[in-house]
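Handing you a structure now.
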Amino acid sequence: MNTPAIRSRDIDTFDRYEALARLTALDRTYGMVEFDLDGRMVSVNPLFCRMFGYAADALVGESHLLLLPPELHADYGRFWQEVLKGEIHSGEFRRVMRDGGTLWIHATYMPVTDEAGALLGVIKLAHDITSEVLAKQRVEQQSQLFDIVVAAHQSFLLDRNLGSACDTVFERLLSVSQSTYGFIGIVQYEEGRPSLYIPSISNVSWDEATHAWYEQQRQNRGGLIFSKLDNLFGHVVTHNALVCCNDLPSHPASRGVSPRGHPRLDSFLGIPIRHKGEAIGMIALANRPCGFDETLVTQLEPLTTALGTLIHARNLEDERSRMERVLRFNAEHDFLTKLPNRSSFFTQANVLLDHIQRHPAEGEACCLVLIDIDFFKQINDEHGHLAGDAVLEELARLLMQSVRSQDLVARFGGEEFIMLLRGTTQEEARAIMERIRQLVEQHSFLYQHQTITVTISLGLTPYQMSYRCMDDWLLCVDQRLYEAKRRGRNRIA
C-alpha cells in the first residue's frame with residue numbers, strides 16, 4: 001500500500017521513540033555509568049550498582065579507581081588518557097566489588113561529544129563475564145595440572161627418585177594454585193612414630209639462619225624431617241583429614257604462630273595424599289591471595305592421586321630393597337653374633353689372598369688367628385645354653401671393638417672365631433691378640449645376674465708365600481690353636 005510522505009513532526013516522534021527504546025534495552029542489558037573528564041562517576045544505572053554491590057549514591061562522585069584492584073592503580077592514568085583521546089575502547093577487565101570479591105566485565109568506553117565535537121564525558125557499558133572467565137581459567141588450570149602430573153611421572157620414571165619428582169612439580173604447583181608458600185611431605189615412621197619427610201619446600205621470606213639450616217638438611221638427608229606433628233600441617237596426616245582454613249587461629253590444631261624463620265601464614269590448605277585410604281603424604285599450600293576453597297581441592301585431586309601412586313611405588317621399592325639387604329645380611333652373617341659367617345669370611349679372605357699372590361712385590365704382611373672359648377661345654381652345662389649364647393654374643397662384641405675396620409672377624413663355628421689382620425707382622429699381631437686375651441680374661445660376662453668367667457685360646461700364623469690357598473693357611477693356624485690348648489689353654493701359640 002502506497003502512503004503519502006511522512007510528515008516531519010511524525011519523523012521526529014519516531015526517532016525519539018526509537019532512541020528511547022534503544023536506551024531502555026541497553027539499560028536492562030548492560031551496566032551503565034557516565035564519567036566526567038576527571039574519571040569521576042556522574043551517574044550509574046541499577047544494573048551497574050547490582051553488579052558491584054553498591055548503592056547509587058555510594059558511587060556517584062567517586063573516582064573510577066574505587067572499582068580497580070590496587071595493583072592496577074599505577075597504570076590507570078595512562079589508560080584514562082587513552083580513553084580521553086575520543087576513541088572507543090573495549091576489552092575484558094578485572095574489577096573489585098564492594099565486598100572485595102573479583103568481578104570480570106567486558107566493557108566499552110565511549111566518548112560523549114557536543115555538536116562541535118568537544119569531549120564532554122565518557123559512557124561505559126559493562127557486561128558481567130565472571131562465570132565465563134572463571135570457567136576458562138579452570139580449564140587452563142586443569143591443563144596446567146595435567147602437565148604437572150605428567151612431569152611428575154616422567155621425572156620419577158627417569159631416575160626413580162621421589163624427591164626429584166617432587167622438586168620437578170613443586171614450583172609449578174605453587175604457581176598454578178597462586179600460593180606463595182608450601183611443601184610436599186611424605187609420611188615416614190621412626191620407631192613406630194610418624195614423621196614427615198619434606199623433599200620440596202618453598203623458602204620465601206626465610207631468614208638467613210633458617211635457610212642455611214635447610215640447605216644443610218637437604219645435603220645431609222635429602223630434605224627436611226618434621227617429627228613434631230602437633231600442629232596444623234601435622235593434623236592433616238595424623239588425622240588423615242583435609243584442612244582448608246582461611247582464618248588460622250580459628251582452627252583447633254593451629255598453634256597460633258608460624259615456625260621460626262618461616263613467613264607468616266594467613267591461609268592454609270593441607271590435602272592428604274592417600275593410598276587405599278591411608279594417608280602416606282600431604283600437599284601443603286599457604287598464603288593464597290583470595291584464600292582456599294573446595295574448588296581448588298577438586299582441581300588438585302588428579303595430582304594428589306598421582307603423587308599417592310608414586311609414593312606407594314617408592315615405598316614398595318624401598319621395602320623390597322630393605323628385604324634384599326636383610327636377606328643378604330642374614331645369608332652372610334651369623335644369626336646370633338651378627339658377625340660374618342664362615343662362608344662370608346672365606347669369600348672376603350680369598351679375595352685378599354688372590355690380591356697378595358698377584359702382587360707379591362707389595363709384600364703386605366697379614367696374620368690369621370683362630371680363637372676358641374676354653375671349656376665352653378662346661379659353661380653350657382653349668383649355666384645353660386642361653387648363658388652360652390650370651391657369652392658368644394658378648395665375646396663377638398669385644399672382638400669387633402678390638403680390631404680395625406680393615407681387619408676381618410667372623411664366627412667360624414660353634415665356640416670358634418677367626419680373624420684376619422691386614423698389614424700386621426707376627427710380632428704386632430701377637431701383641432694385639434695378647435691384649436684381647438687379657439681383656440676377655442678380665443671381663444665380667446653377666447647372665448641373669450650371674451658372673452661367668454671366660455678365657456680363650458688362640459692360634460696365630462702369618463701368611464707365607466708357600467700357601468697355595470686358604471685351606472693351607474687354615475690348616476697351619478688350626479695346628480697352632482691345638483698347641484695352645486695342649487699347653488694349658490688361655491694362651492697364644
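Residue numbers start at 1 and run along the sequence shown.
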Ile273 side, atom CD1; Ile186 side, atom CD1 - distance, nearest 0.5 Å: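 Between Ile273 CD1 and Ile186 CD1, I get 7.5 Å after rounding to 0.5 Å.
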Expected output: side-chain Thr130 to main-chain Trp104 donor-acceptor under 3.5 Å: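 It does hold such a pair.
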Val297 vs Leu242, side chain to side chain contact (heavy atoms under 4.5 Å, CB included): CA-CA, chis, key distance, verdict: CA-CA 9 Å; Val297 175; Leu242 172 75; 4.1 Å; yes
Listed once per pair and sorted, the salt bridge (charged side-chain N to carboxylate O under 4.0 Å, His left out) pairs that draw on residues 60-72, sequence neighbours left out: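 Applying salt bridge (charged side-chain N to carboxylate O under 4.0 Å, His left out) to every pair that reaches into residues 60-72, excluding sequence neighbours, yields Glu71-Arg94.
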Stepwise side chain to side chain contact (heavy atoms under 4.5 Å, CB included) test for Phe93 and Leu72: CA-CA 10 Å; Phe93 303 92; Leu72 299 183; over 6 Å; no
Thr102 and Cys290, any side-chain heavy atoms less than 4.5 Å apart: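 No. Closest side-chain heavy atoms not under 4.5 Å.
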Side-chain heavy-atom pair Arg193, Tyr189 within 4.5 angstrom cut-off: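 No - every pair of side-chain heavy atoms lies 4.5 Å or more apart.
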Approximate separation, where rounding is to 0.5 Å, of Leu339 CG and Glu332 CD: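 The CD atom of Glu332 is 13.5 Å from CG of Leu339, to the nearest 0.5 Å.
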Option among Phe183, Phe268, Tyr181 that satisfies the ring pair (Phe, Tyr, Trp, His ring centres under 6.0 Å) test with Phe233: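 It is Phe183, the one option of Phe183, Phe268, Tyr181 that forms the ring pair (Phe, Tyr, Trp, His ring centres under 6.0 Å) with Phe233.
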Short side-chain to backbone donor-acceptor contact, Asp334 and Gly413, under 3.5 Å: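 Such a contact is absent between Asp334 side chain and Gly413 backbone.
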Over all atoms of both residues, closest heavy-atom pair of Glu364 and Leu352: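 Smallest heavy-atom distance, with atoms named: OE1-CD1, 4.1 Å.
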Donor-acceptor contact below 3.5 Å, side chain Thr238 vs main chain Gly234: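 Judged by distance alone, yes, a pair lies under 3.5 Å.
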Sequence neighbours excluded - salt bridge (charged side-chain N to carboxylate O under 4.0 Å, His left out) pairs with any residue from residues 266-278: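 For residues 266-278, and leaving out neighbouring residues, the salt bridge (charged side-chain N to carboxylate O under 4.0 Å, His left out) pairs sorted by first residue read Arg264-Asp266.
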From Arg411 atom CZ to Leu399 atom CG, the distance as rounded to the nearest 0.5 Å: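 If we round to the nearest 0.5 Å, Arg411:CZ and Leu399:CG are 12.0 Å apart.
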Student check: side-chain heavy atoms of Arg95 and Phe52 closer than 4.5 Å: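 Side chain of Arg95 against side chain of Phe52, heavy atoms only: contact under 4.5 Å found.
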More than 12 heavy atoms of other groups within 6.0 Å of Met97 CE: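 Yes, the 6.0 Å shell around CE holds more than 12 heavy atoms from other groups.
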Set of residues satisfying ring pair (Phe, Tyr, Trp, His ring centres under 6.0 Å) with respect to Phe417, sequence neighbours excluded: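 Phe417 satisfies ring pair (Phe, Tyr, Trp, His ring centres under 6.0 Å) with no other residue.
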Closest heavy-atom pair and its distance - Leu119, Thr113: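 Looking at all heavy atoms of both residues, the shortest contact is CA-CG2, 4.1 Å.
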No-hydrogen, no-angle side-chain donor-acceptor test under 3.5 Å, Gln348 and Ser344: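 Present: a donor and an acceptor within the cut-off.
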Side chain to side chain contact (heavy atoms under 4.5 Å, CB included) evaluation trace for Ile105 with His127: CA-CA 5 Å; Ile105 60 173; His127 176 61; over 6 Å; no
Trace of the side chain to side chain contact (heavy atoms under 4.5 Å, CB included) decision for Tyr54 with Leu66: CA-CA 11 Å; Tyr54 284 95; Leu66 175 67; 3.9 Å; yes
Donor-acceptor contact below 3.5 Å, side chain Ser267 vs main chain Arg288: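 Checked: pair present.
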Expected output: side-chain Asn330 to main-chain Phe335 donor-acceptor under 3.5 Å: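 No, the answer is negative, given that no donor and acceptor are paired below the 3.5 Å cut-off.
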Aromatic plane relationship, Tyr76 with Trp80 - under 30° parallel, 30 to 60° tilted, over 60° perpendicular: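 It falls in the parallel class, under 30°.
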Nearest atoms (heavy-atom pairs only) where Ala349 meets Leu420: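 Scanning both residues completely, I find the closest heavy atoms to be CB-CD1, 3.9 Å.
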Expected output: side-chain His359 to main-chain His355 donor-acceptor under 3.5 Å: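 Answer holds: yes.
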Steps toward side-chain hydrogen bond (donor to acceptor under 3.5 Å, both in side chains) verdict (Ser90, Thr108): CA-CA 4 Å; Ser90 292; Thr108 300; 3.0 Å; yes
Side chains of Cys366 and Ile356 in contact at under 4.5 Å (non-hydrogen atoms):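 When only atoms from C-beta onward are counted, Ile356 and Cys366 do touch, with a gap below 4.5 Å.
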Distance, nearest 0.5 Å, that separates NE2 of His333 from OG1 of Thr337: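 It comes to 9.0 Å.
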Heavy-atom pair with the smallest gap, counting every atom of Leu285 and Ser179: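 For Leu285 versus Ser179, the nearest heavy atoms are CB-OG, 3.6 Å.
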Distance in Å, Ile271 CD1 paired with Leu269 CG, rounded so as to fall on 0.5 Å steps: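 If I round to the nearest 0.5 Å, the distance is 4.0 Å.
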His443 ring center within less than 6.0 Å of Phe445 ring center: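 Between His443 and Phe445, which both carry aromatic rings, the centre distance is below 6.0 Å.
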Flag, side chain of Asn240 to backbone of Gly277, donor-acceptor distance under 3.5 Å: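 A pair under 3.5 Å: yes.
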Where Leu229 and Pro194 come nearest, the two heavy atoms and their spacing: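 Closest pair (atom of Leu229, atom of Pro194, distance): CD1-O, 3.6 Å.
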Donor-acceptor contact below 3.5 Å, side chain His73 vs main chain Leu65: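 Confirmed, His73 side chain pairs with Leu65 backbone.
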Side chain to side chain, Leu47 and Met32, heavy atoms closer than 4.5 Å: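 A side-chain contact is absent here, since even the closest heavy-atom pair is not under 4.5 Å.
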Ser43 OG to Phe35 CZ distance, which is reported to the nearest 0.5 Å: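 These two atoms lie 9.5 Å from each other.
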Phe226 six-ring face occupied by Lys228 cation (under 6.0 Å, within 45°):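 No, Lys228 and Phe226 do not form such a contact.
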Aromatic ring pairing His251/His235, orientation class (parallel under 30°, perpendicular over 60°, tilted between):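 It falls in the perpendicular class, over 60°.
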Donor-acceptor pair between Arg404 and Thr424 side chains, under 3.5 angstrom: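 Yes, side-chain donor-acceptor contact under 3.5 Å.
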Taking every non-hydrogen atom, the tightest pair across Phe292 and Asn246: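 Of all heavy-atom pairs spanning Phe292 and Asn246, the closest is N-OD1, 2.9 Å.
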Side chain proximity check, Lys338 to Glu393, heavy atoms < 4.5 angstrom: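 Answer no - side chains too far apart.
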4.5 Å side-chain heavy-atom contact, Cys49 and Leu59: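 They are in side-chain contact.
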Side-chain touch Ile436/Leu398, heavy atoms, less than 4.5 angstrom: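 Counting from C-beta outward, Ile436 and Leu398 never come under 4.5 Å.
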Test item: Asp293 side-chain N/O and Leu296 main-chain N/O as donor-acceptor pair under 3.5 Å: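 Side chain of Asp293 to backbone of Leu296: a pair is present.
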Backbone of Glu301 reached by a side-chain donor or acceptor of Thr304 within 3.5 Å: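 Checked: pair present.
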The single option from Asp36, Val60, Leu67 passing side chain to side chain contact (heavy atoms under 4.5 Å, CB included) against Met41: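 Exactly one pass, corresponding to Leu67.
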